Amino acid sequence: YKDGEISNSTHEWFSRVHPEDLADFNASIGKHIQGETPHFESEHRMLHRDGSYRWMLTRGLSMRDPEGSAYRMAGSQTDITERKLASDQLVYDAFHDGLTRLPNRALFTDRLERALERAKRREDYTLAVLFLDLDRFKVVNDSLGHITGDQLLVGVARRLETCLRQVDTVARLGGDEFVVLLEDIENVGHATATAERIQEQLEENFRLDDNDVFTSASIGIAVSKTGQDRAQDILRDADIAMYRAKSMGKARYALFDETMHGRAVELLQLETDLRKAVDREEFLLHYQPIVSLLSGEIVGFEALVRWMHPERGLIFPAAFVPLAEETGLSIPMGEWVLREACRQLQTWRAALPSERNLWVSVNLSSRQLLQPGLLRLVESCLQQTQSDPASLHLEVTEGVIMAEPEAATAMLVGLRALGVGLPLDDFGTGYSSLAYLHRFPITSLKIDRSFVNRVASGGEDEVIVRTIVSLAHNLGMDVIAEGVETAEQLERLTALGCEFGQGFYFSKPVPAEEASQLLQLPVAVLA
Ligand code: C2E
Ligand code: MG
Ligand code: MG
């Protein structure tokens, strides 16, 4: 307002303070006049000429007569609307997920704690937590890119909201994990019905950038009737149940029950043991021969890690490699594998005539490939064992590359520059990355055994193998057939032009000493 547009009475001033802020405003003036505060200060909203409310910071100091009673107040009033909005935004951001705008873990935990308080006070109050994890989200991310992955998460968030009541909370914990709080439900049936509704909602395709993307979720449900549980315990129980749902097959839900604790504790124990295993070097390598289909000669060995557990005996990679990767233990484990395989190669080389070809193939995990120190590690292994770089092969899968295609490709280029071979493992099971294949400095394709399995029965898999072989050859790569189990498969694969084979037909993976004996066998025995 301009001077003179409104009166200068205190009443005028007070009447412009937002009704909701007036009580606090009056109280702090009162306190100052009573001499309880050295000056007056208040943040409050005030009516603007245009009809909106603006945030004000008002400060004042009273002037007092000789008796000490206030007769006048002087001060200032500052428009702090911008700052206030910015700090509101900060608070909002602190409690919401930036991508989906859903509440985040902090806000969810807060709401869950309040709901638990209510459950404690009311006997008939039941609440449930649904823990949701998208199935195969990584595949979407890897094959269609992070942007599409993000769009999918937003799409899922919106659909989840449609499945819930006003009082319920859905939050994103991070990645592809969502949680739902169902407050004051009648019974467990309400929770399972909600889980079913969510799964139905997610069944329909998402239209993202001209792609039809399909997803599903595994859901774990934990229920509290007494409110005696702590928020983190309920979340953990729902999480455990979610893992159970996943292991039953995707797109399922599971209700938490106490027996599930056992399994979770077991996993935790395994992780603890795995950490020790790294220090105690409880790993060992088995070697599976790779055979030239032309000559029948062993041309290489794939090193396959095993874990000699002090109590449980020999454990195969499927039971611990994923856990090692998840916990970061795959880095020290992988380093041990690489050094040991190179050392073994050196031993074999020393015993073989110099013209004999022999390589050793080592599997790399995703984390390993993205580890900046990998180049130096490989160099040092080669140097220490005086190995020819070409006699070391490092196997990667499409999944490992596609997790972080740019960084992975850069690393592969570096490895290739060192001269090591780079076979692409489990080829055909991964993502539709055919378009990228020529960009990766891959030296050979290992056809996954799911195709090799069915190659002898004629039919479509034969066409697939034929196509892979010609694709590989056109790109200057050779082909290794994995999982060769029968003479018939071997014959077909040879006819289709595969250079190499690996599988139980030739030999299972065996300890190093046995592998050394295989090397001594006359060529014709294997093929
Ligand atoms: P992979 O690299 O594809 O290794 C081949 C797997 O197929 C091995 O299983 C091998 O025993 C099995 N196999 C070979 N021939 C046949 C056959 O004729 N029939 C059948 N049914 N199976 C056959 P394994 O040793 O249990 O290893 C499983 C996977 O664990 C490997 O698959 C690899 O991805 C991973 N792995 C093994 N060692 C390491 C390692 O040192 N580091 C990392 N990161 N991963 C490893
Ligand atoms: Mg392999
Ligand atoms: Mg393989």
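Indexing begins at 1, ligand by ligand and atom by atom, following the structure's order. Keep in mind it's a predicted model, so treat the numbers as computed, not measured.
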**Student:** Distance to 0.1 Å, residue and atom name: give those for the protein heavy atom nearest to atom 5 (C) of ligand 1.
**Tutor:**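 Answer for atom 5 (C) of ligand 1: E482 OE2, 4.0 Å.
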**Student:** Is S391 reaching over with its side chain to a backbone N or O of S387, donor-acceptor style, under 3.5 angstrom?
**Tutor:**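 Judged by distance alone, no pair lies under 3.5 Å.
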**Student:** Specify whether the nearest protein heavy atom to atom 41 (O) of ligand 1 is under 4.0 angstrom away.
**Tutor:**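 Yes, because at least one protein heavy atom sits under 4.0 Å from atom 41 (O) of ligand 1.
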**Student:** List ligand 1 atoms under 4.0 Å from Q288, heavy atoms only on the residue side.
**Tutor:**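 Here the atoms of ligand 1 in question are 14 (C), 15 (N).
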**Student:** More than 12 non-hydrogen atoms from neighbouring residues, nucleotides or ligands closer than 6.0 Å to CZ on R339, yes or no?
**Tutor:**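 Yes.
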**Student:** Between Y505 and Q489, is there a side-chain donor-acceptor contact under 3.5 Å, judged purely by atom types and distance?
**Tutor:**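 No.
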**Student:** Between R236 and D233 (salt bridge meaning N to carboxylate O under 4.0 Å), is one present in this structure?
**Tutor:**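 Salt bridge flag = yes for D233 with R236.
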**Student:** Tell me which part of D425 gets within contact of ligand 1: side chain, backbone, both or neither, using heavy atoms under 4.0 Å.
**Tutor:**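 Looking at D425 and ligand 1, just side chain atoms fall under 4.0 Å.
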**Student:** Should one rank V484, N363, L285 by closest heavy-atom distance to atom 33 (C) of ligand 1, which comes out on top?
**Tutor:**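 It is N363 whose heavy atom sits nearest to atom 33 (C) of ligand 1.
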**Student:** Note the single closest protein heavy atom to atom 13 (N) of ligand 1, along with its residue, its atom name and the distance in Å.
**Tutor:**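 Scanning the protein heavy atoms, the shortest distance from atom 13 (N) of ligand 1 goes to F504 CE2, 3.8 Å.
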**Student:** Between R449 and E485, is the closest basic N to carboxylate O distance under 4.0 Å?
**Tutor:**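 No, no charged N to carboxylate O under 4.0 Å.
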**Student:** Test M411 against every option in L394, L375, L370 by the side chain to side chain contact (heavy atoms under 4.5 Å, CB included) rule and name the one that passes.
**Tutor:**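 Exactly one candidate clears the test, L375.
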**Student:** How far is atom 8 (C) of ligand 1 from the closest protein heavy atom, and which atom is that?
**Tutor:**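 Ranked first by proximity to atom 8 (C) of ligand 1 is L304 CD1, 3.9 Å.
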**Student:** Identify, by atom number and element, the atoms of ligand 1 in contact range of E395, meaning under 4.0 Å from any of its heavy atoms.
**Tutor:**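 Near E395, meaning under 4.0 Å from one of its heavy atoms, ligand 1 has 2 (O).
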**Student:** With a 6.0 Å cut-off on ring centres, are W348 and F301 close enough?
**Tutor:**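 W348 vs F301: aromatic centres under 6.0 Å.
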**Student:** Quick one: does H286 get within less than 4.0 Å of ligand 1, heavy atoms only?
**Tutor:**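 Judged by the 4.0 Å heavy-atom criterion, H286 does not count as contacting ligand 1.
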**Student:** Among all the protein's non-hydrogen atoms, which is closest to atom 7 (O) of ligand 1, and how far away is it?
**Tutor:**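 Its nearest protein heavy-atom neighbour is R449 NH1, 3.3 Å.
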**Student:** Going by heavy atoms, is R306 under 4.0 Å from ligand 1?
**Tutor:**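 It does, in that a heavy atom of R306 comes within the 4.0 Å cut-off of ligand 1.
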**Student:** Give the residue and atom name of whichever protein heavy atom lies nearest to atom 24 (P) of ligand 1, and the separation in Å to one decimal.
**Tutor:**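 So the nearest neighbour among protein heavy atoms is P317 CG, 3.7 Å.
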**Student:** Just to be careful: counting only protein atoms that are N, O or S, how many fall under 2.8 Å of the Mg ion (ligand 2)?
**Tutor:**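 With waters ignored, the protein N/O/S count below 2.8 Å is 4.
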**Student:** Quick check: does any side chain N or O of E302 sit under 3.5 Å from a backbone N or O of V362, one acting as donor and the other as acceptor?
**Tutor:**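 Flag not set: sc E302 to bb V362 has no pair under 3.5 Å.
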**Student:** Among the heavy atoms of E485, does any lie under 4.0 Å from an atom of ligand 1?
**Tutor:**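 For ligand 1, residue contact (heavy atoms, under 4.0 Å) with E485 is present.
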**Student:** Could E161 and R158 be called an ion pair, given the rule that one side-chain N must be under 4.0 Å from one carboxylate O?
**Tutor:**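 R158 and E161: salt-bridged.
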**Student:** Please verify whether a non-hydrogen atom of P509 lies at under 4.0 Å from ligand 1.
**Tutor:**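 In this structure, P509 qualifies as a contact of ligand 1 - some heavy atom is under 4.0 Å.
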**Student:** Do the ring planes of F283 and W336 sit parallel (below 30°), tilted (30 to 60°) or perpendicular (above 60°)?
**Tutor:**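 Tilted, since the angle between the ring planes falls between 30° and 60°.
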**Student:** Using a strict cut-off of 4.0 Å, indicate which atoms of ligand 1 neighbour a heavy atom of V337.
**Tutor:**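 Listed by number with element: 41 (O).
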**Student:** Show the atoms of ligand 1 that are less than 4.0 angstrom away from any heavy atom in D426.
**Tutor:**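 The list of qualifying atoms is 3 (O).
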**Student:** With the threshold set at 4.0 Å, does a side-chain nitrogen-carboxylate oxygen contact exist between K246 and D133?
**Tutor:**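 Looking at D133 together with K246, the answer is yes, because their closest N to O distance falls below 4.0 Å.
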**Student:** Less than 3.5 Å apart, any donor N or O on the side chain of R101 or H96 sitting next to an acceptor on the other?
**Tutor:**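 No, because no side-chain N or O of R101 sits under 3.5 Å from a partner of the opposite role on H96.
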**Student:** Report yes if some N/O of Q368 lies less than 3.5 Å from some N/O of ligand 1; otherwise report no.
**Tutor:**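 N/O-N/O distance under 3.5 Å: no.
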**Student:** So is V305 polar-close to ligand 1, meaning N/O to N/O under 3.5 Å?
**Tutor:**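 Indeed, backbone or side chain, V305 has an N or O that close.
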**Student:** Verify whether one side chain among D97 and T100 offers a donor that lies under 3.5 Å from an acceptor in the other.
**Tutor:**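 A donor-acceptor contact under 3.5 Å links the two side chains.
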**Student:** Quick check on I147: does its CD1 atom have over 12 non-hydrogen neighbours (other residues, nucleotides or ligands) under 6.0 Å away?
**Tutor:**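 No, CD1 of I147 has 12 or fewer neighbouring heavy atoms, counting only those of other groups under 6.0 Å.
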